[in-house]
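One structure is given below, encoded as structure tokens.
If you're wondering where the values come from, they're calculated on a predicted model, not measured in any experiment. Computed from heavy atoms alone, side chains included, the values below leave out hydrogens, waters and symmetry copies. Each chain gets a letter, A, B and so on, in the order its sequence line appears, and its residues count up from 1.
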Amino acid sequence: MNIPAQPMATSSVSVGSGESRVSKAKDKVKMNAQDVKVFYGDAQAINGIDLDIYENEVLAFIGPSGCGKSTFLRCLNRMNDTIDICRVEGKITLDQNDIYAPDRDVVLLRAQVGIVFQKPNPFPKSIYENIAYGPRLHGLARRKAELDDIVESSLRRAGLWEEVKDRLDKPGTGLSGGQQQRLCIARTVAVSPDIILMDEPCSALDPIATAKVEQLIDELSESYTIVMVTHNMQQAARVADRTAFFHMGDLVEVDTTDQIFTNPQDQRTHDYITGRFG
Amino acid sequence: MSISIEQRRQHRLMTIEKSLAKRHRKENAFRRMGLMAVVTGMTLVAILFVSILMRGVPAFWQATFYMDVYFDPEVVQLEPKPERESGESQFAFNERYSQWLTRAGLVNWQTLIDNALEEALGEEVEPRQLRDLRALVTSGERYALRDRFVEDPALLGQTVELKMLASANVDVWIKGNIDRDLPDARQQLSAQTRTWADQLEEQGVISNAFSTSLFLNTDSRSSQASAGLAGAFMGSLFMMVVVIGLSVPLGVSSAIYLEEFAPKNRLTDLIEININNLAAVPSIVFGLLGASIFIGYLRLPLSAPLVGGLVLTLMTLPTIIIATRASLRSIPPSIRQAALGIGASRVQTVFHHVLPLALPGILTGSILGVAQALGETAPLLLIGMNAFVANVPGTPLEQSTALPVQIYLWQGNELRNFFEARTSAAIIVLLGLMLSLNALAIWLRKKFETRW
Amino acid sequence: MSNLALIATLLVMMALAYHLGLTRSRAVAAEHDVRMHSRPGYYGVLVALWCGLPALAIFLLWSFLAPQLIDMLVTQQLPADLVAGLSDRELQTLLRRVTALANEQGVSGGGSPEELAAAGHMARLQTIENFSLVALMAVLVVVGLIFARRRISPNWRARNQVERVIMFALAASSAVAIFTTIGIVLSMLGEALRFFSFISPAEFFFGTVWNPRFSTAGASSQGDFGLLPLLWGTMMVSTIALLVAIPVGLMTAIYMAEYAPPWLRNVAKPVIEILAGIPTIVYGFFALIVVGPFLSSVGDLIGINIRTTSALTAGLVMGIMIIPFVSSLSDDIITQVPKSLRDGALGLGATKSETIRQVVLPAALPGIVGAFLLAASRAIGETMIVVLAAGNNPVLHANPFEAVSTITVTIVNQLTGDMDFASPQSLVAFALGLTLFVITLGLNVIALVVVRKYRQQYE
């Protein structure tokens, strides 16, 4: 299923309501989790989760804090490997290949499954170098011109090009919070991964920057599979095709965003979205 | 758009996969470099410790004579030890007693040792060989003999088995620390003495025994086999008392002021930089300060532990201030706010609530600072503490050396074969003291580590 | 009265004053049936302070000034013909003999009649001095006690006053560090200026020959005091040391912070810390008896002539000494780089070493450079290792296998033994010390500023 690349910066997809999004055909399973359990030392953080992630969908994880949604997200590109005491059981596949298989190269996996973090974390380098870092790392550009192209298209994709094109050599840390976060998204896009994981990408941003990032997510969803954790139910409702509700280490319910918000099957989901707890 | 995203992804995956092997090789090489650095560091340290232990530990055992010494009344021509008679004044008795002591000192105690050696060798020694004979036992032993007799005059006319240290050169010879095949001219001992030493060792008169001389004696030039650390230890002890007594209270109060009360302005900023800089000023500069101000200007005595202590205090002060400030800073502000909130004054807050919580950190920092001062050598050389001192200082104003300075002095002793080992032994003692201090500090920190 | 007894009595009086203040404040509270401003303990402390501090101040001032005053009076009393031909130093010696006689200690030769007379005079003066001190202190104690006790009233803010005294004491102790720096600068500057009255600064700073000629028998030539050979030696040894310490120390820090399993970190960190505490004399001895001979025999094997005591020996061992210093400083700095930066690079698919080399190290660079500067300053100021292992050969040459001399070694050589602050031979130590101080100060200040900026960046 080849989806042609969309012309950029012309898309005018509205900050969508759930309804308009359901209509997209999403059938191919990109990632699959079977009975995933995560332990921090002796404490179990995730109690056996099964989940399919479809190609080119936007999937949101919601739930009260400490419910394991970020932990699970970080399992999807093995970022949890960086925590010494963290242990993952079960099976997660990407295009039918087990990502926790012993011979699986985590470098390659992360090139396919990119991640954007809660707090913008640009490298203390220039804007250009921030974007060029990934492609250079993986040897994706042989010539300077190629690299320039990647940098420009990534920044355009992140809607940041017009704002920074005159100061590409200035430090990335000098941008505003929202710009920094979009820079980080552009940095991830520059490696052109299949899937982008976003861990509460807007929680450190003000409402206007949040709106921009949400719009960006919407545009990116044309060509990327996006899995995002959010604390904000309205955000899930605005951008996600499907929504998964986590509670105390369990995946309680996953369905189209519409279903989850209008007709939840589980009492806990109902209580959460109606604001009884969280 | 000619290239689809999917194609681009395929192409990209292949590109990445191709480069992976090389990148992982680099990764492993880097990790191995790190491990190698750690191993190198540890190995060097291991070599340092092993080489010092190997040289030093044998020095705690010294070649020792076990001989029957006959307190010959013909040699020890001394009237009985005076007893205080009834009606005699204390003064008159003291006078009499000290005269007796003087006469005891004039007795030729060496002859007793000579006789004992002759007995052990089973031969009559000709007068011209007396020098060779006397090279066997270290010269300090005749004074030990005198002291033993003064202690117990009943020994007169008796034969007692005594333990005596062999001279430094005999110790070296017996232990094989000198090449036995060297020609006579390059040997420290005469051929006769060497033969005797071997003979006595064979007879079991000389054997290698644990010796406390290193701990109990002071430095000595004439009797090097029994040169010890007692004087240097006392000197170091006095200095540490001065350092602890001055630098800890001064350092802690100045840290409290700077961290808790001082206004944050350019002056305190300057003080902060100044203290950090002082902590990094070479120690020898503090020695120059001491030489110029304490010795040159204030005319305090040379070689005195008090001056050494003052110099080391100034040197240690910044370390303690920095450690205390770090410790105070790690106390969460909530503790202060809580105390201020119930109406305590700022001084009360600090002394009743913050300081007790910061105490472990302050203690650790102070111990480390004192340990550092204990091992410091260079500044002490500049205030004359490298003088040769043959007695144990009784006050901090008397001449003295210190443990590290004693090490410096011994490593330069021309009797290399003997003093290389003795210096290593002294280093073991110093390191033992310092490591216990360090271990204490680490233990304290572990014990009280973050309680919130 | 001996000083010790005097201080002891004063402490007893202060304890008594504390008690009086305490009971008085309680009595006042009961009498007026009001709450006092402060708790009774504060009144006690305040009365004790009023009682003790003035007397203590007088005591300190007196012990500092009185001996000088007495010396002066005694000197005036000495027969003119005795004093006339004496130099300052001889006069000092004479006074010391007189003081010893006055305190009924013997002196060599028993003391001349003039000395005995002066000693008698001094003893009389000392009695007067001692008596008046005791009387003055007694008056101050009593007056302070009565005055403070009378002032006790519900409105007297005892706590505030006590706290003010505490604050003053705290501030005074933090001034000690300042005075130390001032003391260092002034003393070295003073003595160095005296040195420059013998030797011109140009001769000192640009001279290429070091040969201070200890023959002080009024020789016409002063000897050569060129700094350059020493500076060169210092730089050579320090450079070798840093070449050893920086790679090993930095890689150790990186391995410890990024790769080492927790158990290794728990073992290695205290070990490294302990290493940092080993006295330098021990390293010096190690260099002299192990490393020097080892290098020398390696040199024999490969056909290079390496001296046992050489720049290489000293530098190598100094490097070993600085490894823990570099590694613990760098470790602190590397662990301060936020985890989010590492995650950013790892999330893009960087390997661990790529993350470290391309993201963590550049981010930590200013701090690490600061650490290197501190290490350099430490190497330059290190003394005992070079005294023992560098060979003390103050000649300009570029061969690291040969012996050299350094600034610190020369300070030790020039200032041990005779403590005569009049000849350029010993005064030069202070000029060298000043040079050393300025160099290390420069390095330290730059390093501290850089590290501080770096810290603020991530706070």
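- Note: C/Ile411 leads C/Leu432, C/Ile411, C/Ile166, C/Ile254 in heavy-atom pairs under 4.5 Å with chain B.
- For B/Asn277 and C/Asn444, the side-chain atoms include at least one donor-acceptor pair closer than 3.5 Å.
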Legend entry - Derivation of the side-chain contact (heavy atoms from CB on, under 4.5 Å) call for B/Leu278 and B/Asn274: CA-CA 6 Å; B/Leu278 269 186; B/Asn274 168 47; 4.1 Å; yes

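- The shortest heavy-atom contact between C/Lys352 and C/Glu258 is NZ-O, 2.9 Å.
- The contact between B/Pro404 and chain C is made by backbone and side chain atoms together, counting heavy-atom distances below 4.5 Å.
- Using a cutoff of 4.0 Å between basic side-chain nitrogens and carboxylate oxygens, B/Glu27 and B/Arg23 are not scored as salt-bridged.
- Per-residue heavy-atom pair counts under 4.5 Å with chain B were compared for C/Ile323, C/Thr440, C/Val449, and the maximum is reached by C/Thr440.
- For B/Arg346, no part lies near chain C; criterion is any non-hydrogen pair under 4.5 Å.
- A donor-acceptor contact under 3.5 angstrom links the side chains of B/Ser283 and B/Glu376, judged on distance only.
- Nearest approach of B/Val347 to B/Phe261, heavy atoms of both residues: CA-CZ, 4.0 Å.
- With a 4.5 angstrom heavy-atom cutoff, B/Ile427 touches chain C only via side-chain atoms.
- In terms of modelled atom types and a separation under 3.5 Å, the side chain of B/Thr324 and the main chain of B/Val252 share no donor-acceptor contact.
- Only the side chain of C/Val387 comes within less than 4.5 Å of a heavy atom in chain B; its backbone stays farther off.
- With a 4.5 Å cut-off on non-hydrogen atoms, B/Gln372 does not touch chain C at all.
- For B/Tyr297, no part lies under 4.5 angstrom from a heavy atom of chain C.
- Neither the backbone nor the side chain of B/Met36 comes within contact range of chain C; no heavy atom of the residue lies under 4.5 Å from a heavy atom of that chain.
- Chain B forms more heavy-atom pairs under 4.5 Å with one residue of C/Leu374, C/Leu441, C/Val290, C/Val445 than with any other, namely C/Leu441.
- Residue B/Met33 touches chain C through both its backbone and its side chain, counting heavy-atom pairs closer than 4.5 Å.
- With hydrogens and angles left out, the side-chain atoms of B/Ser253 and C/Ser173 include a donor and acceptor closer than 3.5 Å.
- At a 4.5 Å heavy-atom cutoff, C/Val317 makes no contact with chain B through either its backbone or its side chain.
- Residue contact with chain B, scored on non-hydrogen atoms closer than 4.5 Å, involves the side chain of C/Leu436 exclusively.
- Only the side chain of C/Leu275 comes within less than 4.5 Å of a heavy atom in chain B; its backbone stays farther off.
- Of the two parts of C/Phe325, neither the backbone nor the side chain holds a non-hydrogen atom closer than 4.5 Å to a non-hydrogen atom of chain B.
- For a residue to count as touching a neighbouring chain, one of its non-hydrogen atoms must lie under 4.5 Å from one of that chain's; by this rule C/Leu443 does not touch chain B.
- For C/Leu388, the part lying under 4.5 angstrom from a heavy atom of chain B is the side chain only.
- Interface residue C/Val248: backbone and side-chain heavy atoms are both found under 4.5 Å from chain B.
- For chain C, the nearby part of B/Leu258 is the side chain; its heavy atoms alone come within less than 4.5 Å.
- C/Glu191 approaches B/Ser292 most closely through the heavy-atom pair OE2-OG, 3.4 Å.
- Qualifying salt bridge (Lys or Arg N to Asp or Glu O under 4.0 Å) partners for C/Arg157, counting only residues two or more places apart in sequence or in other chains: none.
- With a 4.5 Å cut-off on non-hydrogen atoms, B/Leu317 touches chain C through its side chain but not through its backbone.
- Contact annotation for B/Leu35: both backbone and side-chain heavy atoms come within less than 4.5 Å of a heavy atom of chain C.
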